[in-house]
Visitor: 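The structure under discussion is supplied below as structure tokens; questions concerning it will follow.
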Amino acid sequence: MSTRTPAAAPSPSPPAPSLTSTLVRLKLSLLRNGLRQSSGRTAAFVVSVVFAVLFAAAQLLGLLLLRGTDAAATVAVLSLAVLGLGWAVMPLFFPSGDETLDPTRLVMLPLRAAPLVRGLLVASLVGVGPLFTLCVAVGAGLSVARGAGAVALAGPAVLVALLVCVALARAVAAANIRLLTSRKGRDLALLSGLVVAVGIQVVNFGAQRLGAAGTGLAPLEPAAAVARWVPPASAVAAVDSASRGAWAEAVAQLLLSVAALGLLLVWWQRSLTKLMTAPDASTLAAAGGGAAKRSGGRGAGLWPEGRTGAVVQRTLRYAWRDPKTKSAWVTSLVLGLIIPLFNAVQGVGTVYWACFGVAMLGFLMFNQFGQDTSAFWMVALTISSPRDAYEELRARALALLLVSLPYVTLVTGVMAAVLGDWEALPGALGLSYGLLGSLVALGALSSAFFPYSIPQDSAYKNVAPGQGALAWLSMGAAFVGMTLLTAPVAGLQAWSVLSGRPSLGWLVLVVGAVWGALLAWAGLRWSATRTAARLPEILTAVSKA
């Protein structure tokens with residue numbers, strides 16, 4: 001009779017780690033592995049962390065110094081309101097700044113939306129941005145806290161404000177991730193620099209107006225009164241209300257922030273559920289696929305036959321479709337108008353500020369071949385003589401002038417209308433035309449002598465590694481060259497002003513237009529000869545990325 005040995009009981013498997021801890025470790029691993037890629041990236045990260053921490057500490061100290069003053073509540077509430085706005089728009093402008101902002105990387109995993117939201121929310125608290133927000137929120141809360149009850153309320157209020165900011169960024173990213181990972185989203189990200197630059201001008205203008213008014217922060221109090229009821233600023237406003245003994249108002253404001261946090265989490269969860277269950281519409285065939293129309297020949301009749309028309313169309317098409325080229329064009333067009341107007345409104349501008357817009361657009365003529373990146377080899381195959389090179393450069397300059405000439409005329413006229421200085425308009429136009437012609441000439445020369453590659457794998461790098469000296473040399477030569485080349489027109493305009501004969505401005509207009517045209521023609525001619533002679537070197541330089 002055989003005896004059967006009883007099977008050993010299976011050993012209990014170790015408990016699976018929680019999803020939250022796994023996501024936190026994943027965030028730390030992504031950060032650590034990203035820093036290991038290069039010493040330059042590590043140094044940049046360390047420097048950014050140091051500056052962010054120092055700035056956050058300065059903000060914290062400044063808010064604490066306002067404790068007990070009448071302006072403390074206004075500054076604290078508006079600081080949280082601006083922070084909340086920044087967290088709301090950050091995913092739209094910097095979608096590639098944090099890889100964990102992209103929830104589509106997790107859609108193939110067997111995860112439920114609710115625990116995923118909790119884990120991602122905790123993991124989102126790891127980083128420089130949350131640390132900076134925490135410092136500002138702590139400073140804002142303590143600056144308005146007076147009394148034991150208000151100080152006790154400041155703790156949960158700061159925590160709720162921080163969670164609202166983080167959840168807002170995540171919810172916006174999840175709801176718009178299909179857009180942010182598309183070509184249009186990359187266009188939007190590249191335009192972030194434009195928004196930041198315009199925002200700096202708006203803040204600078206507002207600060208100067210406040211200083212000129214001599215009324216302190218009184219003009220900001222109406223905005224602060226509204227922001228007190230807008231999360232996450234309402235959480236800090238609750239601490240201020242508790243300090244004044246208005247506990248009912250304090251509870252209502254804190255509950256408003258808590259309710260906003262709950263709604264954001266629900267929105268975020270629904271967006272994640274949709275991403276995990278719904279197909280990507282961008283991969284589906286459009287209904288009625290035959291309805292799409294080819295636009296290759298659209299507008300062909302507007303341009304001359306031959307190489308000139310083809311190059312003009314190609315250049316303008318790049319300006320509209322290529323993200324980096326579009327960003328450069330839009331930035332130049334907007335800043336070229338905004339900065340002169342802001343100076344005019346502040347009373348420190350002149351009509352000659354229109355030359356700033358000329359410079360912004362004129363610099364687009366530089367590094368023409370580098371803008372084509374590695375595709376320049378197809379253009380190089382069509383250049384076999386200085387004549388071919390001249391026609392190529394002339395058509396590119398024509399595409400730039402089609403936009404820049406009417407734009408410069410418009411900006412100069414707007415500046416004259418805002419300042420009421422119509423006598424200076426002809427001379428300013430002549431100076432602008434001369435400057436534009438000099439930049440076209442210098443840009444063509446720079447494209448032949450100092451070509452460099454523009455990386456396409458990064459939205460924020462405009463020069464390939466090892467070619468930074470070429471870019472700086474090109475820019476330095478441009479500043480010196482345009483000063484020397486426009487000196488005759490500038491001297492004639494200065495003489496017309498100092499002599500008290502504003503009618504000479506019309507002479508400056510004619511001389512500036514003719515001088516600019518001659519400079520552009522001569523620069524294109526000389527550059528064409530050098531381009532044809534240095535074509536292999538140019539092709540090698542622009543293909544290094």
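Small disclaimer: the values here were computed from a predicted structure and weren't measured.
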Visitor: Check whether any side-chain heavy atom of Trp329 sits under 4.5 Å from a side-chain heavy atom of Leu361, and report yes or no.
Guide: yes
Visitor: I need the minimum non-hydrogen distance between Pro130 and Leu162, along with the two atoms involved.
Guide: O-CD1, 3.8 Å
Visitor: To the nearest 0.5 Å, what is the distance between CG on Leu116 and CH2 on Trp268?
Guide: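 With rounding to 0.5 Å, CG (Leu116) is 7.5 Å from CH2 (Trp268).
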Visitor: Does any non-hydrogen side-chain atom of Val411 lie less than 4.5 Å from one of Leu341?
Guide: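 No, their side chains stay 4.5 Å or more apart.
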Visitor: Measure the OG-CG distance between Ser257 and Leu159 for me, rounded to the nearest 0.5 Å.
Guide: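 Nearest 0.5 Å value for the OG-CG distance: 11.5 Å.
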Visitor: Specify the closest pair of heavy atoms between Val158 and Ala137, including all atoms of both residues, with the distance to one decimal.
Guide: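 Smallest heavy-atom distance, with atoms named: CG2-O, 3.5 Å.
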Visitor: Looking only at heavy atoms, which two atoms of Leu335 and Phe356 are closest? And how far apart?
Guide: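 Heavy atoms only, the tightest pair is O-CE2, 3.6 Å.
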Visitor: Donor-acceptor pair, distance only, cut-off 3.5 Å: does the side chain of Gln371 make one with the backbone of Phe366?
Guide: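 Side chain of Gln371 to backbone of Phe366: a pair is present.
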Visitor: Compare all side-chain heavy atoms of Val144 with those of Val236 and state whether any distance is below 4.5 angstrom.
Guide: yes
Visitor: Ignoring hydrogens and angles, tell me if any N or O in the side chain of Ser243 forms a donor-acceptor pair with the backbone of Arg146 under 3.5 Å.
Guide: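 Looks like yes, one N/O pair under 3.5 Å.
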Visitor: If you look at every heavy atom in Arg228 and Val77, which pair is closest and at what distance?
Guide: N-CG1, 3.8 Å
Visitor: Side chains of Thr412 and Leu425: closer than 4.5 Å at any heavy-atom pair?
Guide: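 Counting from C-beta outward, Thr412 and Leu425 do come under 4.5 Å.
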Visitor: Kindly say whether Ala72 contributes a backbone atom to a donor-acceptor pair with the side chain of Arg67 at under 3.5 angstrom?
Guide: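 Flag not set: sc Arg67 to bb Ala72 has no pair under 3.5 Å.
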Visitor: Is the gap between the ring centers of Phe363 and Phe479 under 6.0 Å?
Guide: yes
Visitor: Decide yes or no for Leu83 and Phe132: does some side-chain heavy atom of the first lie under 4.5 Å from some side-chain heavy atom of the second?
Guide: yes
Visitor: What distance do Ser234 atom OG and Leu256 atom CG have between them, rounded to the nearest 0.5 Å?
Guide: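 CG of Leu256 is found 4.5 Å from OG of Ser234.
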Visitor: Using every non-hydrogen atom in the two residues, find where Leu364 and Ala328 come nearest and quote the distance to one decimal.
Guide: CD2-CB, 3.7 Å
Visitor: Would the distance check show the side chain of Tyr407 and the main-chain N or O of Leu337 forming a donor-acceptor pair, the cut-off being under 3.5 Å?
Guide: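 Judged by distance alone, yes, a pair lies under 3.5 Å.
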Visitor: Quick one: pull up CG in Leu410 and CG in Leu405 and give me the separation to the nearest 0.5 Å.
Guide: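 Here the interatomic distance stands at 12.5 Å.
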Visitor: Going from CD1 on Ile339 to CH2 on Trp353, what distance comes out if it is rounded to the nearest 0.5 angstrom?
Guide: 7.0 Å
Visitor: Working to the nearest 0.5 Å, report the span between OG1 of Thr133 and CH2 of Trp87.
Guide: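 So the gap between those two atoms works out to 4.5 Å.
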Visitor: Side chains of Val50 and Leu54: closer than 4.5 Å at any heavy-atom pair?
Guide: yes
Visitor: If you define the side chain from C-beta out and look only at heavy atoms, does anything of Val403 sit under 4.5 Å from Leu333?
Guide: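 Yes; the side chains approach each other to less than 4.5 Å.
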Visitor: Assess the residue pair Leu125 and Leu163 against the criterion (side chain to side chain contact (heavy atoms under 4.5 Å, CB included)); give the C-alpha distance rounded to whole Å, side-chain angles, the decisive distance to 0.1 Å, and a yes or no.
Guide: CA-CA 8 Å; Leu125 299 177; Leu163 293 177; 4.3 Å; yes
Visitor: Of all heavy-atom pairs between Pro231 and Ala260, which one has the smallest distance, and what is that distance?
Guide: CG-CB, 3.6 Å
Visitor: Report the C-alpha distance between Leu63 and Val75 in whole Å, list the side-chain angles of each, state the deciding distance to 0.1 Å, and finish with yes or no for side chain to side chain contact (heavy atoms under 4.5 Å, CB included).
Guide: CA-CA 8 Å; Leu63 288 167; Val75 173; 3.7 Å; yes
